[in-house]
Amino acid sequence: MIGVQHLVFWQVSFSALRKDVVNVVDIMERLTNEENQIDLDDGLVEVLKFELALICANVLLSYSDLEQFEDVMTSLRERVKDVFQSILVEVDNKYNLPHIFGSFMDNIDDCISSCPRSTSMTEEELDFLLLNLHHLSKYAWMMFPYNAQLVMLQNECGNMKDFHGMIVNGCIEKDIVKYVLPQFQFMAERVGLFLWEFHRKSVLSQLDHEDDQTDQDAQLSELDHEDDQTDEDSQLSKLAHLFLQIVPIELEVMHICFTNLKSSTSVEVGQFIKQLLESFPDILREYLIHLQERMVTVINPSISGARNIHIMMEFLLIILTDMPTDLIHPDTFFDLLARVGTLTREVSTLVWDLEDKSMNKESTNETTLVRGLEEKSMKKESTNETNRTTLDLLKDIELLKGDLRHVYLKSPDSSQICFPMSDGPLFMHLLLIHLKDLLDSNAYSIALIKEEVGLVKEHLEFIRSFFANNEEELYKDLWARVLNVAYEAKDIIDSLLVRDNGLLHLIFSLPITIKKIKLIKEDISNLPEKIPKNKGLIAVNSPKKPVESKSLTTGKIIVGFEEETNWIFGKLFGGPADLDVISITGMPGSGKTTLAYKVYSDESVSRHFDLCAWCTVDQEHDEKKLLGTIFNQVSDSDSKLSENIDVADELRKQLYGNRYLIVLDDLWDTATWDELTRPFPRVKKGSRIILTTREKEVAFHGNTAPLNLRLLRSEESWELLKKRAFGIKSCPDDLLDVGKEIAENCKGLPLVADLIAGVIAGLEKKKTVWLEVRNNLSSFILNSKMEVMKVIELSYDHLPHHLKPCFFYLASYPKDTAMEISLLKHCWLAEGLVEQTEMKSVEEVMKVYLDNLISSSLVIAFNEIGEYPTFQLHDLVHDFCLIKARKEKFFEWISLRTPSSSSDLMPRMLTIDNNTKFFALNNFVLFDLNNKSHSGKHLYSLRIVGEKLDSLLTDTCHLRHLRHLTVLHLDPTFVVVNDFLLNEICVLNHLRFLLIGIKVKSLPLSFSNLWNLEILSVHNEGSTLILLPRIWDLVKLRVLYVTACSFFDMDADGSILIAEDTKLENLRHLEKLVLSYSKDTEHIFERFPNLQDLRFDIKESWDYSTEQFWFPKLDCLTELEELRVAFKSSNINDSELSSVMTNRLWDFHFPSNLKRLCLYDFPLTSDSLSTIVRLPNLEGLSLHRTIIQGGEWNIGKKDIFENLKCLTLSKVTLSKWEVGEESFPVLERLDLLECHELEEIPPSFGDIDSLKIIKLVKSPQLEDSAMKIKEYAEEIMARYDLQILGSKNIPLFK
């Protein structure tokens, strides 16, 4: 009886409260709109409306045990009271407001104190709740206007409010909605709880802010900010989950409207349907996106039927994204949306069914693999049913595609896209790689157009092969048609994949473009009959006109290269009597021609040789004319040779019997070398040929090791600048420092030094003027009349098209960056720059690419002894490369200094150097879901580095619309990826490279969707990432880098069962594992048969039963070449370790193919070291912080490091070291770092002929013995190439 009375009292109180709210809102509207209106603060009125809506919704939902209900309601009551009092000051007693206010406050108190426990609502209460939820969703969006999902929520709430209102008002018969009506309260509860959480903290934090402003608050503000960010991330996840709960109700409403209300004559119903049709595509799209992310997060993609569901969702999203309403027949729009809604309902049902199956599968995998026959039968039957249902979805796609073309859509106007770049062959090369990658990707988005993409690729390959075979005589108009239609095809396919006007492209544009390509293919097939012989032809791949050769004058200032000059003189005047070739190679502008001329013009050369000739070859040449030029010089004749004379024969006769010197300057290919040198007599007269070339292949073709010209040293550059600027005069003191800085900034390239020397020679000799040159060096170079860039362009034009994108990629790194070649190869592959052939593996193709780039002399290759091989670009080449890359829309770098281009054409690759002001000040809207930019979505590669992203902006950054990304590098200094953003990333299943920072315990299920990943780099400071079982789904993975990772969760009970055939065949690099002894780890490495580089930490490995440390058996890794292991900790303390030190501390099982081994913090004995000695292919050994038993390492006569080239000992407890004469027969480098206990370097190192470097760091006691070894090598062994280096590779002795 008391419960009934309580409920009645609450209903009466709430009814009165509702009337008061309606009355107050009405009065506020009247006060605002009347003619002699009172100057009310609009913001104050909006605050009042918001708080009234919040109070009403909270009271109605109070039965849900809302968190901190009384605190929030008390706070709201006080705030409403304050707002009312502020308004009363302005309006006084108008409309009896004081009385209404008093009544309203009493009714609030009554409702709060008598909150019902019943979960049922009357129709009027539910209607009022929906009204207030609509208002609250609107205010939520006003708080976060950049959140598009809150707009969807507002529309959703508005639709449900209006639909339910029509039920209450009798516009819709209740019989029609009897099944959906009970779901409205469920929906209201879900939305209400979300908005309660959304607004609750805001209400309480404002109250706390007003009541408490202590110093402690200020100190904790940063922590509070992080908590706010966590809450915000949680709200985003909850909002996504909310959509999954409430949109199915709207799908039912849509179904009811189409089946029962379509022909209604009610004005209200008609207006509602119109309103629903306007908002429905966006709501449905958002729902499908969240449903897709939900699938990725909780459903294993290998589950039967999952792929077909993804394909259907992709198809529906193409229809709903950028829906072309102006091209849809108006009378069919409702029918189309209803049909899409029905398919969405079917997909939604299947997803929830699959989620149950997937969860059951996961739980089963973690327990046992045993199945009863009956259970297997039931599972098979269920799987077959799912397969049948999902196959029906694929049939529905084809049916709907046909109806879209013939029933729903109007044909769009035809348009023509023009090829926007300049290098057509380069574009075609990259496009065909791109199409092949798409076909191989197995991505859901490509499944809809896989057949069409295959046709485009097939036709374009035929067209390209024709032009490649006829590249000297190509048809201008036809080539232009090819490029235009190829670019059109790329644009359409990419647009489809990112859902950019995808519907029109799918139904109309793609079939039309394929027809265009097919017509061109047919034209080419008939080309021999169609092309008149006198038609204008072009050479598509011909190099540009070369830079004219500069005249060589005796007055040219030449500095540096003294050692090189003397070396060449030695070759000219000494050496064999046979004809010998002296090849000079180097990068563009390195001074090859200048050095050759310096030698050629020396008087001693003209005295030594009977005949001398200089011939500049260049890229475009006529062998007969070149031989004629040489003949004229050696015969002292300027007369033109007759056409009928055999020039080669005449030249041979002229040279025969004489000692001759021929300089062939700027030679580009071996065929020209063979033609030009054919007439040169091979007689024993001591004749010489000096060859200058940028191509190392040509240099080696001369059958001699070339002189690879170094860059100028800083002092040499300054000498050149000084001589050009002042002649024989000295430089004023005030210009010395700035002059040397200018010389340093020339980066050793003689061409640049000479150019800048010429610039400053013509300027005033004032410090301010020289400072301007220093600060604007690049502009002086790039805008110079000498057109220095054309010198580099010659080498660039000579590159094959497949090498140009790899060359461009080097400019994506900052200047002066040394790029490790092994990582560079992986990045080229991930970026889609390597075209695999049937004859060669990817590794073999990339090796050829690298060799050709090095041979071009456009890159500086470093292959120092004991160091990893690296590439680097000279600053000038970097500038050139960046200009070219931007021109071809290949690459762009954006920062505050270089803001984004206004061009609508997005480059292939983009790097953003973030600044704290960047996202606030820059108009770049790449991450904005509301951005309608065509180009941004077409990005292939995105790299963001720099300062940390403001956490307030995190919720505005989305990635799910950048669906074409194959490379994503989010530097952890920029952002640590939260769960919400991680779910978006895992939808991007074209990704081949991913670098992120995360805070998760294990790889989530969503990673299974990234089956195209080849490089995964995860930064997870402070935790150990569990790899299994998700890692097995990444079947294409080649490189895995994690700050710390483990195969198993050692804290978990039980074992993870792994199928016998589970392997990662493609994995080459694995770093950085944390291993402890367990039976599960014993054979795990057998799953990575092609691993080449492995790095791990080993912990808790002491085995008391064998009195040895456990070490994994790695001899199964037959391809392993590099191993780095750190001994981090053990389950034995130092005192126990010293007492059990034996000769068998470790039972190492290293693979015989191992080339580089690095051990950190290992306790080692002589026996352990002998195991390492026996590795037949070991080239590099590094021991760091190693405890060697007894402090002695005696290498016996039988212990020979047969192939060891580099030995590094760092902080090793070694006091006595005995080395045999044959212990290190091929050692090239010895590094001793902080070896304080070692008394001397064994003198037998002086007998090693191959030793080139001894490096000592913080080991001064070893300098004397190092010096003795150097003196011994020079005096006894006559070897002068041994260097003794210190820190930073500075020589310790001259």
Side-chain angles (χ1 to χ4, degrees), residues 147-153 156 190 194 232-248 251 282-303 305-318 320-321 344-345 347-359 362 443-445 447 497-499 927-930 937 954-965 968 970 977-991 994 996 998 1000 1003-1013 1030 1033:
N147 194 319
Q149 297 173 68
L150 288 174
V151 178
M152 306 293 175
L153 180 61
E156 177 83 1
R190 301 279 76 75
F194 171 78
E232 195 172 307
D233 296 339
S234 176
Q235 292 295 342
L236 290 171
S237 299
K238 288 178 180 177
L239 183 55
H241 187 64
L242 178 65
F243 267 102
L244 295 177
Q245 291 179 312
I246 66 176
V247 172
L251 286 171
D282 288 342
I283 291 173
L284 207 54
R285 184 188 71 247
E286 199 69 20
Y287 173 70
L288 282 167
I289 288 171
H290 289 307
L291 191 64
Q292 193 175 53
E293 290 177 3
R294 176 75 179 176
M295 274 196 75
V296 168
T297 306
V298 301
I299 298 176
N300 194 309
S302 62
I303 290 283
R307 179 172 177 78
N308 291 343
I309 294 173
H310 271 293
I311 293 170
M312 171 54 91
M313 283 197 286
E314 192 60 42
F315 177 62
L316 294 174
L317 283 166
I318 285 175
L320 293 165
T321 306
T344 303
R345 288 167 66 206
V347 165
S348 180
T349 302
L350 284 168
V351 169
W352 299 120
D353 289 345
L354 279 186
E355 182 173 339
D356 291 338
K357 291 179 183 178
S358 184
M359 292 177 69
E362 290 293 316
Y444 306 129
S445 55
L497 298 182
V498 299
R499 306 177 197 141
F927 303 107
D928 186 1
L929 286 175
N930 298 319
K937 301 174 187 175
T954 303
D955 68 319
T956 68
C957 292
H958 295 272
L959 292 167
R960 70 187 192 205
H961 60 300
L962 303 178
R963 294 166 39 75
H964 222 314
L965 283 180
L968 178 60
L970 296 178
V977 173
N978 57 35
D979 291 344
F980 188 80
L981 193 56
L982 185 61
N983 288 340
E984 290 198 358
I985 290 172
C986 289
V987 174
L988 306 175
N989 51 28
H990 288 280
L991 280 177
L994 177 61
I996 53 174
I998 57 176
V1000 296
L1003 284 179
L1005 176 60
S1006 54
F1007 262 78
S1008 299
N1009 196 54
L1010 301 178
W1011 55 77
N1012 285 306
L1013 264 187
R1030 293 286 73 81
D1033 297 324

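Quick note: residue numbers are just sequence positions, from 1.
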Chi angles and distances behind the side-chain contact (heavy atoms from CB on, under 4.5 Å) call for M313, M295: CA-CA 11 Å; M313 283 197 286; M295 274 196 75; 3.1 Å; yes

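- Within the 4.5 Å cutoff, no side-chain heavy atoms of L317 are placed close to those of F315.
- Taking 4.5 Å as the limit, every side-chain heavy atom of I996 sits out of range of all side-chain heavy atoms of L981.
- No side-chain donor-acceptor contact under 3.5 Å links N983 to the backbone of E293.
- Taking the side chain as every heavy atom from C-beta outward, I289 and V987 never approach each other to under 4.5 Å.
- Taking 4.5 Å as the limit, some side-chain heavy atom of D979 sits within range of a side-chain heavy atom of V1000.
- In this structure, OG1 on T344 lies 4.5 Å from CG on L316, to the nearest 0.5 angstrom.
- Annotation: side chain of F194 is not in contact with side chain of I246 (no heavy-atom distance under 4.5 Å).
- Remark: side-chain polar atoms of N1012 are not paired, donor with acceptor, to backbone N or O of H990 under 3.5 angstrom.
- The shortest side-chain heavy-atom distance between L497 and R963 does not fall under the 4.5 Å cut-off.
- Taking CG of L994 as the start and SG of C986 as the end, the distance is 7.5 Å to the nearest 0.5 Å.
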Residues L965, L991; criterion side-chain contact (heavy atoms from CB on, under 4.5 Å); working and verdict: CA-CA 6 Å; L965 283 180; L991 280 177; 4.0 Å; yes

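- Counting only distance, with no hydrogens or angles, the side chain of R190 and the backbone of L242 share no donor-acceptor pair below 3.5 Å.
- Considering T297, V296, L982 in turn, L982 is the only one that fulfils the side-chain contact (heavy atoms from CB on, under 4.5 Å) rule with P1004.
- Remark: H310 pairs with Y444 by the ring-ring contact (aromatic ring centres under 6.0 Å, His included) rule, at least two apart or across chains.
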H961 and R499: CA distance, side-chain angles, deciding distance, side-chain contact (heavy atoms from CB on, under 4.5 Å) verdict: CA-CA 8 Å; H961 60 300; R499 306 177 197 141; over 6 Å; no

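- Rounded to the nearest 0.5 Å, atoms CG (N1009) and CH2 (W1011) are 4.5 Å apart.
- Remark: L288 CG to I283 CD1 distance equals 12.5 Å, nearest 0.5 Å.
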Verdict with supporting geometry, V247 and L291, side-chain contact (heavy atoms from CB on, under 4.5 Å): CA-CA 11 Å; V247 172; L291 191 64; over 6 Å; no

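- Using a 4.5 Å heavy-atom threshold, the side chains of R307 and P301 count as separate.
- Applying the side chain to side chain donor-acceptor pair (under 3.5 Å) test to E156 and every residue at least two apart in sequence or in another chain returns nothing.
- Between L244 and W352 there is a side-chain heavy-atom pair separated by less than 4.5 Å.
- Going from atom CD1 of I985 over to atom OG of S1006 covers 9.5 Å, rounded to the nearest 0.5 Å.
- Salt-bridge formation is detected for the pair E286/R960: a Lys NZ or Arg NE/NH1/NH2 atom is positioned less than 4.0 Å from an Asp or Glu carboxylate oxygen.
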